[in-house]
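Protein chains get the first letters and strands the later ones, always in sequence-line order, with residue 1 at the start of each. Quantities reported herein were computed from a predicted structural model and do not represent experimental measurements.
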Amino acid sequence: MSDSAPSQLDPIGGGRAIALIDGNSFYCSCERVFDPKLARVPVIVLSNNDGCAIARTAEAKALGIKMGDPFFKIREQCRRDGVRVFSSNYTLYGDMSSRTNAVYRDFSPRVEIYSIDESFLDLSDVHPDLRIELARDLRATVLAWTGIPTCVGIGPTKTLAKLANHIAKTQPALDGVCDLTDPVAYDHWLCRISASEVWGIGRASATKIEAMGVDTVADLRDLDPRPVRKAMTVVGERIIHELRGVSCLPLELVPAQRKGCAVTRSFSRRVEDRATVEQAVAAHATRLGEKLRREGLGTDHMTVFYHTSTHDRGDPMRSVSTTVTLPEATNDSLVLIQAAQLGVARTWREAPGDRPWRYSKAGVITTDLMPLAASPRALIGQMDRERSGPLMAAMDACNSRFGRGTVVPARAGLTEKRTWSTKFEMRSPRYTTQVAELPTAHA
DNA sequence: TCTGGGGTCCTAGGACCC
DNA sequence: TCTGGGGTCCTAGGACCC
């Protein structure tokens, strides 16, 4: 083997190149696209119910605002430091996500959409010397066409691409692109990055590998996979192989059929009465039906739960969960609502003392979803799909055109005012998906 | 009373991710 | 007053069977 070009003879990972591209502070960047005043000021986006910070711009991070910080704890600081605060606007973020992915597809036909702000691209066909240049072009094009700033990490495996992306994000000198298919970069960075940054190493695993003497990613890569498997299951073993350039996680070009679906929400205030809990789970069941219908899936059982909050120390605690079985699979909101109500009816109790249970959250969960068209029919209790299908389709069409909640089943008090609904007090307009909320330009 | 060696399926819980 | 929501995968252990 020649000393001069070992990388040509033995490229890490056999020449495969996977890129991971993601939006920087994605939700915040979406807000910035439509409001130039947000440029260069600290911005955060809150979780559902305006609970805690889930996206922060660099300026907000510099102020010490942490991922998951409860908003009520940082509200004062935000006011003082001029942090612009937004409720989450998933309609907007989902649409911006589609736009970025449309650009990605111009650069690679093989794209896996991994999450709302991250996609893997197969760049194996791009010559090694051109990968960085292509990644820069990709970033520039996404920024020009969607307004979203991104970072790109390239590696021979998904795990190394994720690591490269992390490096691109945290090393300003790299200008948003890091290529770990380059053996020089690979050797340089793996012994400089903490192993706890590796994709799949969470808190528990970080403690375990630390006990094995691991500090850097290179240390983790060089562990014997067998004891790692003992301690961290096959998941840990896969990470070792992936860090060595042996691919264990293929690109999923076709999204897998989802296995479960849930709609769960905290109440905006504590809830003590049965009618409100029933109304909430009925609303969640309605939403569940919409989600299932969009993907042609059905379910023949639904778990209903509601519980008090662990934060309410001193209050009586109660956590309820029950599974309602249906005669056959369905995605009909009317049936799902009935099931949700039954779940509450079965489990509702009045508190024994004079202190009522103060519920904080309720939800509906389904698992074992199946394509409705292929699901077995019941002998007894068969539902009228010929009627339900078109009815639900008509309802979905109205709600899609005129906004969610325009048509609701007249059940379970769904037409009554919802006093428990999740808070979104600082939500931006749905700039890109509602004509009435289009941004206005003044010239 | 004690003695065996497989299997499968299901569930709960842990861990991790975004 | 106020602390998100929605997923996936893996394993251990119990129940049950032959």
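- Counting non-hydrogen atoms under 4.0 angstrom, A:I365 reaches nothing in the nucleic acid.
- Taking every heavy atom of both residues into account, A:T100 and A:S97 meet most closely at OG1-O, 2.8 Å.
- Using a 30° and 60° split on the angle between ring planes, A:Y431 and A:F34 fall in the parallel class, below 30°.
- Residues of residues 112-121 of chain A that place a heavy atom closer than 4.0 Å to DNA chain B, in numerical order, are A:Y114, A:S115, A:D117, A:E118.
- Applying the ring pair (Phe, Tyr, Trp, His ring centres under 6.0 Å) rule to A:F71 yields no partners; only residues at least two apart in sequence or on another chain are considered.
- Considering only heavy atoms from C-beta on, A:R355 comes within 4.5 Å of A:D315 through its side chain.
- At a threshold of 4.0 angstrom between heavy atoms, the contacts of A:G68 with the nucleic acid are absent.
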Apply the test ring pair (Phe, Tyr, Trp, His ring centres under 6.0 Å) to residues A:Y90 and A:Y27: give CA-CA distance (whole Å), side-chain angles for both, the deciding distance (0.1 Å), then the verdict.
-> CA-CA 9 Å; A:Y90 288 105; A:Y27 295 170; 5.7 Å; yes

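- Mapped onto DNA chain C by nearest heavy atom, A:D312 and A:G260 fall at different nucleotides, with A:D312 at the one closer to the 5' end.
- Checked by atom type and distance alone, the side chain of A:R136 never pairs as donor or acceptor with a backbone atom of A:R131 at under 3.5 Å.
- Atom CH2 of A:W348 has more than 12 heavy atoms from other residues, nucleotides or ligands within 6.0 Å.
- As judged by a 4.0 angstrom heavy-atom cut-off over every strand, A:K259 is placed among residues touching the sugar-phosphate backbone only.
- The two residues A:Q257 and A:M370 come nearest to each other via the heavy atoms NE2-CA, 4.2 Å.
- Less than 4.0 Å separates DNA chain C from at least one heavy atom of each of the following residues of residues 219-243 of chain A: A:T233, A:V234, A:V235, A:R238.
- Of all the residues in residues 264-301 of chain A, A:T264, A:R265, A:S266, A:R270, A:K291 reach under 4.0 Å from DNA chain C with at least one non-hydrogen atom.
- Distance alone, capped at 3.5 Å, is enough to place a donor-acceptor pair between the A:S29 side chain and the A:N24 backbone.
- No more than 12 heavy atoms of other residues, nucleotides or ligands shown are found within 6.0 angstrom of CZ on A:R404.
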For DNA chain B, the dot-bracket notation using Watson-Crick and G-U wobble pairs below 3.5 Å, [ ] for pseudoknot-type crossings and | for other-strand pairs, is ....||||||||||||||

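- Of all nucleotides in DNA chain B having an atom under 4.0 Å from a heavy atom of chain A, the first and last in 5' to 3' order are B:dA15 to B:dC18.
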Give the intermediate values and the outcome of side-chain contact (heavy atoms from CB on, under 4.5 Å) for residues A:S309 and A:R358.
-> CA-CA 8 Å; A:S309 169; A:R358 302 168 65 241; over 6 Å; no

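- In this structure a side-chain-to-backbone donor-acceptor pair under 3.5 Å is present from A:R293 to A:N331.
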Before giving the answer on side-chain contact (heavy atoms from CB on, under 4.5 Å), spell out for A:D122 and A:I18 the whole-Å C-alpha distance, their side-chain angles and the decisive distance to 0.1 Å.
-> CA-CA 5 Å; A:D122 189 352; A:I18 305 294; 4.3 Å; yes

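- No donor-acceptor distance shorter than 3.5 angstrom exists from the side chain of A:E237 to the backbone of A:P225, with no hydrogens or angles considered.
- One N or O on the side chain of A:D219 and one on the backbone of A:D215 form a donor-acceptor pair closer than 3.5 Å.
- Contact annotation for A:S205: backbone-only contact, meaning every heavy-atom pair under 4.0 Å involves sugar-phosphate atoms and none involves a base.
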